[in-house]
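Heads up, the thing below is written out as structure tokens.
Reminder, nothing fancy here: chain letters follow the sequence lines and each chain counts from 1. Bear in mind the structure is a predicted one, so any value in this text is a computation, not a measurement.
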Amino acid sequence: MPELPEVETVVRGLRGPLIGRRIAGVRFGKTDFIDDPAALSEALPGCRIVRVERYGKFISLALEPTDAARTPVQFMIHLGMTGQLMTRRASDAVAKHTHVFVELDEDLELRYTDARRFGRMLLVTSEKKAEFHSRLGREPLDISEAEFAELIGKRHARIKALLLDQSVLRGMGNIYTDESLWRARIHPAHEAARLNGEQLKELYRALRRVLAAAIKLRGSSISDYLDAEGLPGDYQSRHRAYGREGKPCPRCRTPIRRIIVAGRSSYFCPQCQRAPRARKRPTRGAGKTKAQSKRVQTKRG
DNA sequence: CGTTGAACCTGTTTGC
DNA sequence: TGCAAACAGGTTCAAC
């Protein structure tokens, strides 16, 4: 659920309440989405939160220990599909599916709620920093047009798969990928390397405009997303393609269609976003026919 | 390299 | 009404 604009909104909303605060303790409900819960219990108490940042879809709480013997760490939180992070008074009622309570001073708590538990929490120490960042690509709003073209333009994957790949660009998800492709008039299954310079430029511009506009409206709320103050975003009213199957394209009135690309529902206008020509694999030898690659499901043998 | 499908888990919506 | 299937903003991994 939460993509770059939603995570950015949460981060901005957490800075005020969290920066400068000291962590008193941590309590857990279920912990199967936490890399090493014991390490959190061990490291967090006594630390001061000095920065709140976003890396793609990760929220980072930079922690300075008050104990000089310990070293600074980053507490990384990924919201997955249904994660919510907000500050509450310790005496406030606890929402269902709340699994982490970070006890702060002055009767405050940072609470993590996540029905599906697709989120993730981990501690990144200075030694693990390189490894953590090696899995993440570029920040879409920091990259230049030339760098974007270089990064995308020679790849043979479908453009949608590339935009969703967090090791290429970090932060794009299903909504903003579809919205950007609609704006740039590019079919989600288009092979990246077959996009011309003009299309790459359009896509780069579309991405930036869509992400910036979504951040301005504090993200999209469809069913679960709420920001750090418990407020929904407003960008869902600006969706042009995502979630609009059968509704008219805002540009040409052709009904929006939904297909599966890169394993995800992909909404696009079949008129504005022309299907790419069938790709030829420059393979050696005989290619497979469709009939040959078809297979019967054999689930339980 | 790239693609697909399944898995992780729960809740909600859709279809028969 | 009831029940099962499909679907959901994400990521990862095996198999091809």
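- Atoms CD (Q236(A)) and P (dA8(C)) sit 17 Å apart, rounded to a whole Å.
- Distance, Q84(A) CD to dC9(B) P: 20 Å, rounded to whole Å.
- Taking the P atom of each, dG11(B) and dT1(C) are spaced 22 Å apart, rounded to whole Å.
- Listed nucleotides: dC7(C), dC9(B), dG10(C). Nearest to the side chain of R258(A): dC7(C).
- Taking only side-chain atoms of R264(A), from C-beta outward, the nucleotide of dT3(B), dG2(B), dT11(C) with the closest atom is dT11(C).
- Relative orientation of the F148(A) and Y204(A) rings is tilted, given thresholds of 30° and 60° on the angle between their planes.
- The side chain of R135(A) contributes no N or O atom lying less than 4.0 Å from OP1 or OP2 of dT11(C).
- Considering only side-chain atoms of R120(A), the nucleotide from dG10(C), dA8(C), dT12(C) that sits closest is dT12(C).
- Rounded to whole Å, the P atom of dA5(C) lies 15 Å from the corresponding atom of dA6(B).
- Of the side-chain N and O atoms in H78(A), none sit less than 4.0 angstrom from OP1 or OP2 of dG10(C).
- A gap of 25 Å separates the P atoms of dC9(B) and dC3(C), to the nearest Å.
- For I260(A) and dT3(B), the CD1 to P distance is 15 Å, given to the nearest whole Å.
- Look at Q166(A) and you won't find any side-chain N or O under 4.0 angstrom from OP1 or OP2 of dG10(C).
- The distance between atom NZ of K160(A) and atom P of dT4(B), rounded to the nearest whole Å, is 13 Å.
- Within a 6.0 Å radius of CZ in R238(A), no more than 12 heavy atoms belonging to other residues, nucleotides or ligands are found.
- In this entry the distance linking CD1 of I59(A) with P of dG10(C) reads 14 Å, nearest Å.
- Q74(A) and Y55(A) are linked by a side-chain donor-acceptor pair at a separation below 3.5 angstrom, with hydrogens and angles left out of the test.
- Annotation for R257(A): atom CZ does not count as buried by contact number, only 12 or fewer foreign heavy atoms lying within 6.0 Å.
- Annotation: Y235(A) is not in aromatic contact with Y242(A) [ring centroid separation under 6.0 Å not met].
- Counting any heavy atom pair closer than 4.0 Å across all strands shown, S221(A) reaches a base atom.
- For Y225(A), no side-chain nitrogen or oxygen approaches OP1 or OP2 of dG10(C) to under 4.0 Å.
- As the counterpart of dC9(B), no nucleotide is assigned, since no Watson-Crick or G-U wobble pattern has both distances under 3.5 Å.
- The nearest whole Å value for the distance from the CG atom in D114(A) to the P atom in dC9(B) is 12 Å.
- Distance I222(A) CD1 to dG10(C) P: 10 Å, rounded to the nearest Å.
- At least one side-chain nitrogen or oxygen of R155(A) sits closer than 4.0 Å to the OP1 or OP2 atom of dG2(B).
- For R158(A), counting side-chain heavy atoms from C-beta on, the closest listed nucleotide (dC9(B), dC7(C), dT3(B)) is dT3(B).
- Residue R117(A) has its side chain nearest to dC9(B) when only dC7(C), dC9(B), dG10(C) are considered.
- Backbone-only contact: K30(A) has heavy atoms under 4.0 Å from sugar-phosphate atoms and none from a base.
- Side-chain proximity of H97(A) to dT3(B), dG11(B), dT11(C): nearest is dG11(B).
- Stacking between F118(A) and dT11(C) is absent: the ring centroid is not both under 5.5 Å from the six-membered base ring centre and under 30° in plane angle.
- Side-chain contact, S167(A) with R135(A): no donor N or O sits under 3.5 Å from an acceptor N or O.
- Checking the phosphate oxygens (OP1, OP2) of dG11(B), a side-chain nitrogen or oxygen of K96(A) falls inside 4.0 Å.
- The distance between atom CE of M172(A) and atom C1' of dT11(C), rounded to the nearest whole Å, is 17 Å.
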